[in-house]
*Asks:* 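Before I ask anything, let me first share the structure, which is written out below as structure tokens.
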Amino acid sequence: MSETPNELRYVATHEWARLEEDGTVTIGITDHAQDALGDVVFVELPELDVDLLAATEAGVVESVKAASDIYSPIDGNVIAINSALEEQPELVNTDPFGEGWFFKLRPLDAPQLEELLSAADYVELCNDEAH
Amino acid sequence: MSNQPLGKTALHAEHVAAGGKMVDFAGWHMPLNYGSQIEEHNQVRSCAGQFDVSHMTVVDADGAGIADFLRRVLANNIDKLKVSGRALYGALLNEAGGVVDDLIVYRRAAGYRLVVNAGTRQKVLDWLAQQQGSDTSFTLTERPDLAILAVQGPEAVARCSAALPRTAAGADLKPFWMFEDGDWMVARTGYTGEDGFELILPSADVVDAYRALVAAGVPPIGLGARDTLRLEAGLNLYGHDMDDSVNPLSANMAWTIAWTPPERDFVGRAALEKIKSAGRHEQLLGVVLRSRGVLREGQEITTNAGPGVLTSGAFSPTLGYSIAFARVPLAAAGKATVEIRKKQFEIELVKAPFVRNGTQVYKPL
């Protein structure tokens, strides 16, 4: 079974968002998503200092199976990208909620995060998709 | 698609127990991978793995008239199989010269054995029956009671021989030879570009054989890795790289057409001769992309000689970048471009195979 940590927020396009202590938000794709994609072979990340809008394209994941767009869960300014993924895209598979993170945002609208799916809601959504 | 339940091979429960990610493949519930497709690919290139390909269709072809029949329906010539124990790769063509299926033919002590694709099973059985008509001088008998295990990789022959003593004599076989021991057939053939065996054996024996191989360090490999291994090895996949509408000259299968003797009138010959003499065909080439992206089936490319299309594409775990096959005009060569998600990337047209026995072998054109 896929993991879905309770402390994170989720969106229907299978990204997770984590509010850090300094108010920034880290983004990645879920365990469920990496499992469905299979081995990740390339990751295309957003550029630093770009403003992303919620539900707009922020990058691309290429796996052995398919290419998938990554969407930003919230509005924010890109303050960091996980450049380790360039050499080790497999981190997305092995540690999707840790070393396999994609990028960090400084939120433009902090309360937006509260509107995203809870872990329970996300699990329910994945179960619905499977049936 | 039909509403029939998915077929299950005799190893289905083993795949599930091994954590196989099961998918619908040509009407069969088959393992795509058991975790990491890339690790499985590398396991076969560097050591050994086993594939359950029991979903493929085995047809035994026997009787006084069978050789004449096969001389007529195969574009390759079974007369190349001078003695029993030899195997031949070839195509069945339709009257227009399109590929009905690709298959392997084994010559047995008496008669022949054909192994055709799973996805084409009903079509091919119907086609062969139609070609046979009312001729009772031979029989075509499907063998759903048999399983097929492909054991592939540089260590495959040694580990298989140790785990399954009945296969040990296969270590002396050359490629495209086989021997039979009772109801087991051991062939030095495969679909990975590595050394190994394909074992055709009773379904009743296959679970024990599978377990003995696992215990000997030959883990199961899913269909995902089978696809990247065959692509690296420059081997076609029916329904992708060729089908009923594609002639073998346009599918890198010219080497499987036996033009001599000229009096052998195989099905599709007349159409194929016209296509060939008029130069009215394309070619299937290899493609490499050295930048960060993955070539996929259906992507359009632009060559020096006009447009083309990718028929298969994937990330190559052995090479570390993406490779593909492309159907392109006959004069295409050198650099070309591919469009991936609205962006143009430079690609190179090459002569496949890309990888043989674990090593890069492709040549620029």
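Proteins come first, then strands; the chains are lettered A, B, ... in the order of their sequence lines, and each starts at number 1. The figures here come from the full heavy-atom set of this structure, side chains too, leaving out hydrogens, waters and symmetry mates.
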*Asks:* If the contact rule is any heavy atom under 4.5 Å from chain B, which residues of residues 41-50 of chain A qualify, in numerical order?
*Replies:*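 Within residues 41-50 of chain A, the residues that come under 4.5 Å of chain B (heavy atoms only) are A:Val41, A:Phe42, A:Val43, A:Glu44.
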*Asks:* By a 4.5 Å heavy-atom criterion (distance strictly below it), what part of A:Asp35 contacts chain B: side chain, backbone, both, or neither?
*Replies:*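 Answer is both: backbone and side chain atoms of A:Asp35 are under 4.5 Å from chain B.
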*Asks:* At a heavy-atom separation under 4.5 Å, does A:Glu90 approach chain B through its side chain, its backbone, both, or neither?
*Replies:*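 Neither part; nothing is under 4.5 Å.
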*Asks:* For A:Glu7, look at atom CD and say whether over 12 heavy atoms of other residues, nucleotides or ligands are found less than 6.0 Å away.
*Replies:*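 Buried by this count: over 12 neighbours within 6.0 Å.
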*Asks:* Hey, are A:His14 and A:Tyr122 close enough side-chain-wise for a donor-acceptor pair under 3.5 Å?
*Replies:*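 Their side chains do contain a donor-acceptor pair, which is all the 3.5 Å distance test asks for.
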*Asks:* With no hydrogens and no angle check, is any side-chain donor or acceptor of B:Arg296 less than 3.5 Å from a backbone partner on B:Leu310?
*Replies:*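 Not at all, since once roles are kept as given, no pair shorter than 3.5 Å links the two residues.
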*Asks:* Count the heavy-atom pairs under 4.5 Å between each of B:Gly293, B:Gly224, B:Ser322, B:Gly35 and chain A, then report the option with the highest count.
*Replies:*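 The residue among B:Gly293, B:Gly224, B:Ser322, B:Gly35 with the greatest pair count is B:Gly293.
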*Asks:* For residues A:Thr94 and A:Glu99, is any side-chain donor paired with an opposing acceptor at under 3.5 Å?
*Replies:*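 Looking only at side-chain atoms, A:Glu99 and A:Thr94 do not form any donor-acceptor pair under 3.5 Å.
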*Asks:* What parts of residues 59-67 of chain A touch chain B if we use heavy atoms and a cut-off under 4.5 Å?
*Replies:*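 Those residues of residues 59-67 of chain A which have a heavy atom under 4.5 Å from chain B are A:Val60, A:Glu62, A:Ser63, A:Val64, A:Lys65, A:Ala66, A:Ala67.
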*Asks:* So which of B:Glu39, B:Lys21, B:Arg292, B:Gln37 has the biggest tally of heavy-atom pairs under 4.5 Å with chain A?
*Replies:*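 It is B:Arg292.
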*Asks:* Only heavy atoms, only distances under 4.5 angstrom. Which residues in residues 340-360 of chain B are near chain A?
*Replies:*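 Heavy-atom contacts from residues 340-360 of chain B to chain A are B:Ile340, B:Arg341, B:Lys343.
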*Asks:* Check salt bridge (charged side-chain N to carboxylate O under 4.0 Å, His left out) between B:Asp52 and all other residues, then give those that pass, not counting sequence neighbours.
*Replies:*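 Not a single residue meets the salt bridge (charged side-chain N to carboxylate O under 4.0 Å, His left out) criterion with B:Asp52.
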*Asks:* Please find the pair of heavy atoms, one from B:Glu198 and one from B:Ala150, that lie closest to each other, and give the distance.
*Replies:*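 The answer is CG-CB, 4.0 Å.
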